Amino acid sequence: MSDRMHWSRWGDPARTTTLPANALAMLELAFGPPAPRPAVDQQTVQLPAVGLPDDVLDALRDAIGVEHVDAGVEPRLLHTGGKSTPDLLALRGGDAAAAPDAVLRPADHDEVQALVSFCSERRIAVVPYGGGTSVVGGLTASRDGLVAVVAIDLGRLDRLVDVDEVSSTAVLQAGVSGPRAEELLGEHGMTLGHFPQSFEFATVGGFAATRSSGQSSSGYGRFDTMVVGLKVATPLGTWELGVAPASAAGPDLRQLVLGSEGTLGIVTEVRLAVRTKPATAVYETWRFPTFVDGATAMRTLTQDGINPTVLRLSDETETSLNLAKPESIGADSGGGALMVCGYEGTDGRVERMRREVGEVLQGLGGTPLGAEDGEQWAEGRFDAPYLRDALLDEGVLVETLETATFWGDLDRLYAEVKAALEGALSAQGTNPIVLCHISHVYRTGASLYFTVACRETDDPRAQWYAAKQAASDAIVAAGGTITHHHAVGRDHRPWYAEEIGPIGTDVLRAVKRSVDPAGVLNPGVLIP
Ligand SMILES: Cc1cc2nc3c(=O)[nH]c(=O)nc-3n(C[C@H](O)[C@H](O)[C@H](O)COP(=O)(O)OP(=O)(O)OC[C@H]3O[C@@H](n4cnc5c(N)ncnc54)[C@H](O)[C@@H]3O)c2cc1C
């Protein structure tokens with residue numbers, strides 16, 4: 001780690017991004033004179049004293065090997081919280097109160113199971129840790145009433161366990177990252193087709209635990225629709241689910257594990273529906289006169305059963321900032337709303353899909369812009385997070401939030417969340433830029449993904465929480481879901497309780513009590 005803490009740099013100094021000169025000029029134009037705010041030196045960060053008694057550390061070392069139990073400063077810091085802006089701000093400001101007491105790296109399901117059983121017996125809080133990319137406080141366990149907190153890092157569970165080419169399924173261990181999944185499946189001519197923006201670091205177990213959704217969800221579906229089976233380590237023992245592609249044998253308990261965010265058990269293996277690796281991929285862009293026009297075109301496509309692999313529509317502000325090309329921020333975008341359409345498959349299928357989509361979009365007022373911008377979007381689609389530290393260094397707060405609703409309510413949800421964000425941040429004297437795009441589409445509705453940028457106040461965490469509170473209240477009031485794919489974590493719990501109501505809350509609490517009687521699994525996360 002460098003002496004300056006740049007927590008969103010994802011551990012790869014080669015990818016460290018500095019802001020281009022025109023971006024700095026734009027920031028000044030948008031937010032006023034520069035007000036740099038560098039991160040504190042790593043040495044000044046405060047970690048809680050290790051709370052694990054020696055006999056516990058010894059037992060953990062016996063269970064998984066001495067070199068896989070680490071209570072040192074660096075691993076604890078690297079497993080402190082996730083990657084939300086408040087998490088980054090805390091660490092950049094020297095606050096590591098969320099650090100676990102030790103990081104444990106088990107090798108396989110049996111070792112994970114042994115750790116979960118032991119921690120349950122000894123009342124030690126367990127944070128399952130995949131890629132550490134949670135943006136909702138999903139990696140910050142409550143210590144209340146518990147002896148200590150350990151992070152169970154699943155990085156050593158990184159194997160392809162089985163491929164069934166006839167059924168088109170593959171079993172992957174939970175710690176397999178996005179690129180590793182593609183590499184392992186690629187050897188069999190297959191793809192998972194799950195490409196969230198956090199693809200480079202997030203893991204299969206994390207995708208399942210948070211019901212993640214990738215940028216190709218229009219064609220490949222969201223992650224939870226790919227899961228056909230799960231193996232889970234719980235305090236009660238091993239739980240295996242999913243024996244057939246579909247079943248009428250009672251409620252689908254896989255759905256209880258999907259999205260459970262480590263509160264009901266640790267997912268160690270996932271059986272997934274996989275696809276043939278596409279021979280061709282083409283990404284192109286279209287311009288619509290307005291965001292509303294573009295949304296109507298998207299709805300028409302999905303309701304006609306025409307599903308390009310990627311379908312994404314920026315609102316007018318996001319289009320004008322040309323987010324797909326950070327190096328050309330401020331370039332004239334030509335106005336309107338930009339849509340990205342991607343097609344993957346055989347040459348013939350791509351050509352057919354492209355023609356079919358083109359006919360619909362052109363008929364609904366779209367102007368084809370060709371493949372250049374689309375290809376650039378595809379190439380740079382994992383790059384934006386590398387800008388976050390550079391922006392925070394400049395005293396510019398950037399954060400995102402997302403929601404979803406039915407098509408009939410989408411315009412209202414969009415307007416109200418945007419107004420809430422603008423209102424809450426302007427009230428603090430920091431006029432924001434609020435961008436939005438439709439990120440995932442369904443026959444019945446779509447998700448909205450907002451990005452907010454503004455100058456930091458003296459207390460940027462409080463500043464953001466006020467905006468987040470206003471936006472979350474607006475989401476609930478407009479009938480949207482509090483999260484379409486980022487999950488609940490700690491940050492969304494109050495609104496999640498409203499969304500599922502008192503009966504839903506009781507059901508969830510009862511399940512939690514029964515499977516995790518000592519309450520050690522990710523306490524404080526998800527369960528209202
Ligand atoms: C820059 C950025 C972009 C992002 N883009 C997207 C996006 O496009 N789409 C999207 O869906 N999300 C996105 N996210 C959110 C995040 O990447 C997802 O929630 C992802 O699924 C988390 O995976 P992970 O392996 O990093 O899990 P972690 O962050 O390590 O954990 C997430 C939660 O799941 C629990 N958990 C992790 N592994 C397991 C396991 N094996 N068993 C049980 N519980 C477990 C953790 O305790 C935690 O509560 C983004 C995040 C960032 C920082």
Side-chain angles (χ1 to χ4, degrees), residues 7-10 78-79 81-85 87-88 100 106 109 112 116 125-141 149-155 157-158 172-178 180-181 194-217 222-224 230-234 239 257-270 312 381-389 398-402 404 437 439-440 447 449 451 483-492 516 521-527:
W7 295 96
S8 50
R9 278 190 188 151
W10 308 92
L78 286 173
H79 291 79
K83 294 285 186 276
S84 68
T85 295
D87 284 355
L88 300 182
H109 173 85
V112 175
V116 168
V126 170
V127 181
Y129 192 98
T133 65
S134 168
V135 282
V136 291
L139 295 162
T140 304
V149 178
V150 293
I152 296 192
D153 185 321
L154 294 148
L157 278 76
D158 66 348
L172 287 166
Q173 287 187 317
V176 170
S177 68
R180 177 106 177 111
H194 187 64
F195 303 104
Q197 198 186 41
S198 53
F199 168 76
E200 291 171 275
F201 302 95
T203 60
V204 162
F207 295 148
T210 60
R211 307 184 75 156
S212 169
S213 196
Q215 293 168 347
S216 305
S217 67
R222 31 188 299 137
F223 193 81
D224 47 17
L230 292 152
K231 188 167 179 179
V232 191
T234 80
W239 193 14
V257 175
L258 293 170
S260 63
E261 301 183 43
T263 62
L264 303 180
I266 300 190
V267 175
T268 57
E269 284 179 13
V270 186
R312 168 191 165 111
R381 61 172 149 164
F382 307 125
D383 290 349
Y386 290 92
L387 288 170
R388 293 171 80 195
D389 270 306
V398 187
E399 184 57 306
T400 62
L401 57 84
E402 38 76 55
H437 63 262
S439 52
H440 305 272
S447 69
Y449 187 95
T451 304
T483 173
H484 167 266
H485 58 268
H486 279 170
V488 175
R490 293 169 81 86
D491 298 354
H492 289 145
D516 178 22
L521 291 173
N522 230 357
V525 168
L526 177 71
I527 315 286

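Indexing begins at 1, ligand by ligand and atom by atom, following the structure's order. We use all heavy atoms of the structure for the numbers below, so side chains are in, but hydrogens, waters and symmetry mates are not. Every value quoted in this text rests on a predicted model; they were computed, and no experiment measured them.
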Item to check | N/O donor-acceptor pair under 3.5 Å between H492 side chain and A487 backbone | outcome: yes
Next on the checklist: Using the rule given for salt bridge (Lys or Arg N to Asp or Glu O under 4.0 Å), can you reason through R490 versus E261, listing the C-alpha separation, both sets of side-chain angles and the distance that settles it, and then say yes or no?
Outcome noted: CA-CA 10 Å; R490 293 169 81 86; E261 301 183 43; over 6 Å; no
Next on the checklist: So if I count the atoms of ligand 1 from 1 in the order they appear, which ones are less than 4.0 Å from some heavy atom of S198?
Outcome noted: 3 (C), 4 (C), 5 (N), 6 (C), 13 (C), 14 (N), 16 (C), 17 (O), 50 (C), 51 (C)
Next on the checklist: Under a 3.5 Å cutoff, is there a donor and acceptor pairing between the side chains of S212 and H194?
Outcome noted: yes
Checklist entry - In Å and rounded to the nearest 0.5 Å, what is the NE2 to CZ distance from H440 to R222? => result 8.0 Å
Checklist entry - What part of S212, side chain from CB on, backbone N/CA/C/O, both or neither, has a heavy atom under 4.0 Å from ligand 1? => result both
Checklist entry - Do R381 and F195 meet the cation-pi criteria used here (NZ or CZ under 6.0 Å from the six-membered ring centre, within 45° of the axis)? => result yes
Checklist entry - Would a 4.5 Å heavy-atom cut-off, applied to side chains only, mark P100 and Y129 as touching? => result no
Checklist entry - For ligand 1, which atoms, with element, lie under 4.0 Å from some heavy atom of P385? => result 1 (C)
Checklist entry - Under 3.5 Å, N or O to N or O, is Y129 touching ligand 1 that way? => result no
Item to check | Ligand-side contact atoms (ligand 1) for residue partner V267, heavy atom cut-off under 4.0 Å | outcome: 40 (C), 41 (N), 42 (N), 43 (C)
Next on the checklist: Minimum distance, heavy atoms only, to atom 35 (C) of ligand 1: which one of A202, A209, G259, S84 is it?
Outcome noted: A209
Checklist entry - Side chains of T400 and T451: donor-acceptor distance under 3.5 Å anywhere? => result no
Checklist entry - Residues in side chain to side chain contact (heavy atoms under 4.5 Å, CB included) with S260, at least two apart? => result V257, T263, L264
Item to check | Atoms of ligand 1, numbered as shown, that sit under 4.0 Å from any heavy atom of I266 | outcome: 42 (N), 43 (C)
Checklist entry - Considering distance alone, does some N or O of G130 sit under 3.5 Å from an N or O of ligand 1? => result yes
Checklist entry - Which pairs count as salt bridge (Lys or Arg N to Asp or Glu O under 4.0 Å) when at least one residue sits in residues 194-209, sequence neighbours excluded? => result R15-E200
Checklist entry - Could you state the interatomic distance from OG1 (T483) to CG (L401), rounded to the nearest 0.5 Å? => result 9.5 Å
Checklist entry - Is there a heavy atom of G82 sitting under 4.0 angstrom from any atom of ligand 1? => result no
Next on the checklist: Please state which option from P196, S217, G132, G206 has its nearest heavy atom closest to atom 28 (P) of ligand 1.
Outcome noted: G132
Checklist entry - Who's closest to atom 12 (N) of ligand 1 heavy-atom-wise, of H486, H440, H79? => result H486
Checklist outcome for this item: Smallest heavy-atom separation, G262 atom then A209 atom, equals N-CB, 4.4 Å
Checklist entry - What part of S213 sits under 4.0 Å from ligand 1 if we count only heavy atoms: the side chain, the backbone, both or neither? => result backbone
Checklist entry - Does R388, backbone or side chain, put an N or O under 3.5 Å from an N or O of ligand 1? => result no
Next on the checklist: Please work out, at 4.0 Å between heavy atoms, whether the side chain, the backbone, both, or neither of V135 comes within that distance of ligand 1.
Outcome noted: side chain
Checklist entry - Quick check: does L154 get an N/O under 3.5 Å from an N/O on ligand 1? => result no
Checklist entry - Does K83 reach ligand 1 with a nitrogen or oxygen that is under 3.5 Å from one of the ligand's nitrogen or oxygen atoms? => result no
Checklist entry - Can you list the ligand 1 atoms lying under 4.0 Å from a non-hydrogen atom of G265? => result 43 (C)
Checklist entry - Hey, is T210 touching ligand 1 through its side chain, its backbone, both or neither, going by heavy atoms under 4.0 Å? => result side chain
Item to check | Those atoms of ligand 1 less than 4.0 Å from some heavy atom in G262 | outcome: 43 (C), 44 (N)
Checklist entry - N/O to N/O below 3.5 Å, does that happen between G138 and ligand 1? => result yes
Next on the checklist: Taking 4.0 angstrom as the limit and counting only heavy atoms of A174, give me the atoms of ligand 1 inside it, by number and element.
Outcome noted: 41 (N)
Checklist entry - Is it the side chain, the backbone, both or neither of T268 that has a heavy atom closer than 4.0 Å to ligand 1? => result neither
Item to check | Non-hydrogen side-chain atoms of S84 and E399 separated by less than 4.5 Å | outcome: yes
Checklist entry - If we only count N/O pairs under 3.5 Å, is G214 in contact with ligand 1? => result no
Checklist entry - Distance-only, no hydrogens or angles: does the E402 side chain make a donor-acceptor pair with backbone N or O of H485 under 3.5 Å? => result yes
Checklist outcome for this item: F207 heavy atoms within 4.0 Å reach ligand 1 at atoms 21 (O)
Checklist entry - Under 3.5 Å, side chain of T268 to main-chain N/O of K231, donor-acceptor pair present? => result yes
